[in-house]
Amino acid sequence: MSWNSRRDLRKIHRWGGALIALPFLLVLITGLFLQVKKEVNWIQPPSQKGVSTIPSISFDEILKASKKVPEAQISNWKDIDRLDVRPDKGIVKVRAVNRWEIQVDTETAEVLQVAYRRSELFESLHDGSWFHDSAKLWVFLPSGIVVTILWITGMYLFFVPYLAKKRNKKKAGRAAG
């Protein structure tokens, strides 16, 4: 059995594409949402501006301000996923574990904005961690490898006919001359 590169690479390309169709489609769609997350408030709330660019409130004041927001369901530090301090904007973004975001002024401790943040959901779908941590390694990583192989085989299948035509023209030119 001999290896026919064009035939075999087309088979690899076809079956590889079928194998990763769903995970890759999910990566593409979520990637599109992530590309526009700063432009679409529904995905990621816009950053507000605080009074001053020099933070002067304490962590206790941040927690106290966050507890006032019923949607976030914050009663202690365990209910907070992370703090994102933006000194240049004079705010701290408090991200609750339930994905609600509270923007607090770093000078007055006033709650400037409360909104549901969907960008982390899109990121976890994008990398596969939403399904299970193992899905990143055993589904999405192999899918990425297969996409790379598809790109290589696709480029080969695209350019080989052009290279063959060019080679045939050179042979015909030499035979005529």
With heavy-atom distances below 4.5 Å as the criterion, would you say the side chains of [X] and [Y] are in contact?
X: Ile149; Y: Ile145; answer: yes
X: Val147; Y: Phe24; answer: yes
X: Pro87; Y: Thr106; answer: no
X: Leu150; Y: Ile20; answer: yes
X: Lys93; Y: Arg117; answer: yes
X: Leu32; Y: Phe122; answer: no

Check ring pair (Phe, Tyr, Trp, His ring centres under 6.0 Å) between Phe158 and all other residues, then give those that pass, not counting sequence neighbours. Tyr162
Residues which pass ring pair (Phe, Tyr, Trp, His ring centres under 6.0 Å) with Tyr156, listed by chain and number, not counting sequence neighbours: none
hydrophobic_cluster_shared for [Y] and [X], side chain cutoff 4.5 Å:
X: Tyr116; Y: Leu121; value: no
X: Val85; Y: Val51; value: no
X: Val146; Y: Leu157; value: no
X: Val40; Y: Leu34; value: yes
X: Trp130; Y: Val139; value: yes

List the residues meeting side-chain contact (heavy atoms from CB on, under 4.5 Å) with [X], not counting sequence neighbours, and say none if there are none.
X: Phe131; value: Leu26, Leu125, Ala135, Phe140
X: Val97; value: Asp81
X: Ile29; value: Leu25, Phe33
X: Ser134; value: His132, Trp138

Can you pull out every side chain to side chain donor-acceptor pair (under 3.5 Å) where at least one residue sits in residues 50-61? Sequence neighbours excluded, please. Ser52-Glu107, Ser58-Glu61
About how many Å separate [atom2] of [Y] and [atom1] of [X], when rounded to the nearest 0.5 Å?
X: Leu63; Y: Asn76; atom1: CG; atom2: CG; value: 7.5 Å
X: His126; Y: Ser119; atom1: NE2; atom2: OG; value: 13.0 Å
X: Ile57; Y: Ile62; atom1: CD1; atom2: CD1; value: 4.5 Å
X: Trp100; Y: Ser66; atom1: CH2; atom2: OG; value: 14.0 Å
X: Thr153; Y: Lys11; atom1: OG1; atom2: NZ; value: 14.5 Å
X: Lys78; Y: Ile80; atom1: NZ; atom2: CD1; value: 13.0 Å

Show me the donor-acceptor pairs, under 3.5 Å and distance only, between side chains in residues 108-115 and residues at least two apart or in other chains.
residue : atom : partner : partner atom : Å
Thr108  : OG1  : Glu110  : N            : 3.2
Gln113  : OE1  : Gln48   : NE2          : 2.6
Gln113  : NE2  : Pro46   : O            : 3.1

Between Arg86 and Asp84, does at least one N-O distance fall below 4.0 Å, as a salt bridge requires? yes
Apply side-chain contact (heavy atoms from CB on, under 4.5 Å) to the pair Arg95 and Glu120, showing each step before the final yes or no. CA-CA 10 Å; Arg95 295 189 202 169; Glu120 276 83 17; 2.5 Å; yes
Enumerate the salt bridge (Lys or Arg N to Asp or Glu O under 4.0 Å) contacts for residues 125-144, please, sequence neighbours excluded, ordered by first and then second residue. none
Residue pairs involving residues 21-49 (criterion salt bridge (Lys or Arg N to Asp or Glu O under 4.0 Å); sequence neighbours excluded): Lys37-Glu123
Quick check: closest heavy atoms across Arg99 and Ser124, and the distance to 0.1 Å? NH2-OG, 4.2 Å
Would you mind listing every ring pair (Phe, Tyr, Trp, His ring centres under 6.0 Å) that reaches into residues 35-73, with sequence neighbours excluded? none
Please go through Leu163's hydrophobic cluster and name the other residues, only I, L, V, M, F, W, Y counting, with side-chain heavy atoms under 4.5 Å joining them. none
Got a donor-acceptor contact below 3.5 angstrom from the Asn98 side chain to the Ile74 backbone? no
Inspect the surroundings of CG in Leu141 and state if more than 12 heavy atoms from other residues, nucleotides or ligands are less than 6.0 Å away. yes
